[in-house]
Amino acid sequence: GISTILKKSSNLLIEQTVKNVADFAKEVFISLINDPKYYELVIDEGYFTQMRKKGGATIGDKSYGQARIAAISLLASLSRQSISKAPAVLDTPMAGLDKTHTKNLYDYFQYLSDQTIIFANDAEFIDDEHRPIVENFLSGEATIEVGDADEAKIHTGRIEKYLKED
C-alpha cells in the first residue's frame, strides 16, 4: 500500500543523500589534503569517517590534522546537502595543521557555507599570508581581548596589541 511506497521512497532518499554527502566530502577532502594521490576518505551510513590508502588499506587512527581535514570535509558536504542554510562556526580549525593544510583551508572557507565564522588565534591567522586569501570574502573581523580568566572584551577589527601575550 501507500505506507510501503512511502517507506521505500524514504529509504531511497536517505540512501541517495548519504551517497551525495560521501561523494562531495571526498571531493572536498581531495582538495584539502596535502597528498591526494595516496589517500581517500570513506564515509559510512552513520557519517563516520575513515581514511584509506588508495587501493583500500584502512589507516589506523587518523592524525590530529587528518581528523580535522576529514571533519571539515564532512561539514562542508553536510552544509551543501542541508535544506536549511545555517552558518558554519569553526573554533581554531587550523590548530595543529601544517602550512600547506592551513593554506588549503583558507582557500576553501569561502565555499564552506553561505556564512562562515572562524575563531582563529594569532598563530593560525598570519596576516601577511592569510589576509590576501580571504580579504575578498571577509565581511567582518573582531579581536578578543582576554583579561582575567573570567573576563574578555570584543573589539571591532584586528587589533595587534590584543593578539600576543606579553
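What you are looking at is a predicted structure, and each value in this text was computed from that prediction instead of being measured.
- Using modelled atom types and a 3.5 Å distance limit, the side chains of Q16 and N20 yield a donor-acceptor pair.
- In terms of heavy atoms, I43 sits closest to V21 at CD1-O, 4.5 Å.
- Between S77 and V28 the shortest side-chain heavy-atom distance does not fall below 4.5 Å.
- Counting heavy atoms from C-beta on, the side chains of L112 and L90 come closer than 4.5 Å.
- The nearest pair of heavy atoms linking P87 to S113 is CA-OG, 3.9 Å.
- Atom CD of E160 is separated from atom OG1 of T143 by 8.0 Å, given to the nearest 0.5 angstrom.
- Applying the ring pair (Phe, Tyr, Trp, His ring centres under 6.0 Å) definition to pairs two or more places apart or across chains, those involving residues 66-107 are Y106-F109, Y106-F125, Y106-H130.
- Hydrophobic clustering (ILVMFWY, side-chain heavy atoms < 4.5 Å, transitive): Y47 and L41 are in one cluster.
- I14 and F24 fall within a single hydrophobic cluster, where Ile, Leu, Val, Met, Phe, Trp and Tyr are joined by side-chain heavy atoms under 4.5 Å apart, directly or via other members.
- Formation of a donor-acceptor pair under 3.5 Å by the T17 side chain with backbone atoms of L13 is found in this model.
- Side-chain contact between F48 and V42 is absent, with no heavy atoms from C-beta onward closer than 4.5 Å.
- Applying the salt bridge (Lys or Arg N to Asp or Glu O under 4.0 Å) rule to pairs touching residues 124-140 yields K99-E129, D127-R131, D127-R158, R131-E141, sequence neighbours excluded.
- Atoms CD1 and CG, from I69 and L74 in turn, are 13.0 Å apart once rounded to the nearest 0.5 Å.
- At least one side-chain heavy atom of M51 sits under 4.5 Å from a side-chain heavy atom of F29.
- Closest of all the heavy-atom pairs between L32 and N104 is O-ND2, 2.9 Å.
- I33 CD1 to Y39 OH: the interatomic distance, rounded to the nearest 0.5 Å, is 7.5 Å.
- Chaining together hydrophobic side chains whose heavy atoms lie under 4.5 Å apart places I144 alongside V146, I154.
- Qualifying ring pair (Phe, Tyr, Trp, His ring centres under 6.0 Å) partners for Y108, counting only residues two or more places apart in sequence or in other chains: Y111.
- Judged as a salt bridge (Lys or Arg N to Asp or Glu O under 4.0 Å), not a single pair has a partner in residues 73-93 (not counting sequence neighbours).
- Of all non-hydrogen atoms in P93 and L105, the two that sit nearest each other are O-CD1, 4.0 Å.
- By the 4.5 Å side-chain criterion applied to Ile, Leu, Val, Met, Phe, Trp and Tyr, I5 is assigned to no cluster and stands alone.
- Between I2 atom CD1 and S9 atom OG the span is 11.0 Å, to the nearest 0.5 Å.
- Put simply, the side chain of T49 never gets that close to the backbone of A70: no donor and acceptor are under 3.5 Å apart.
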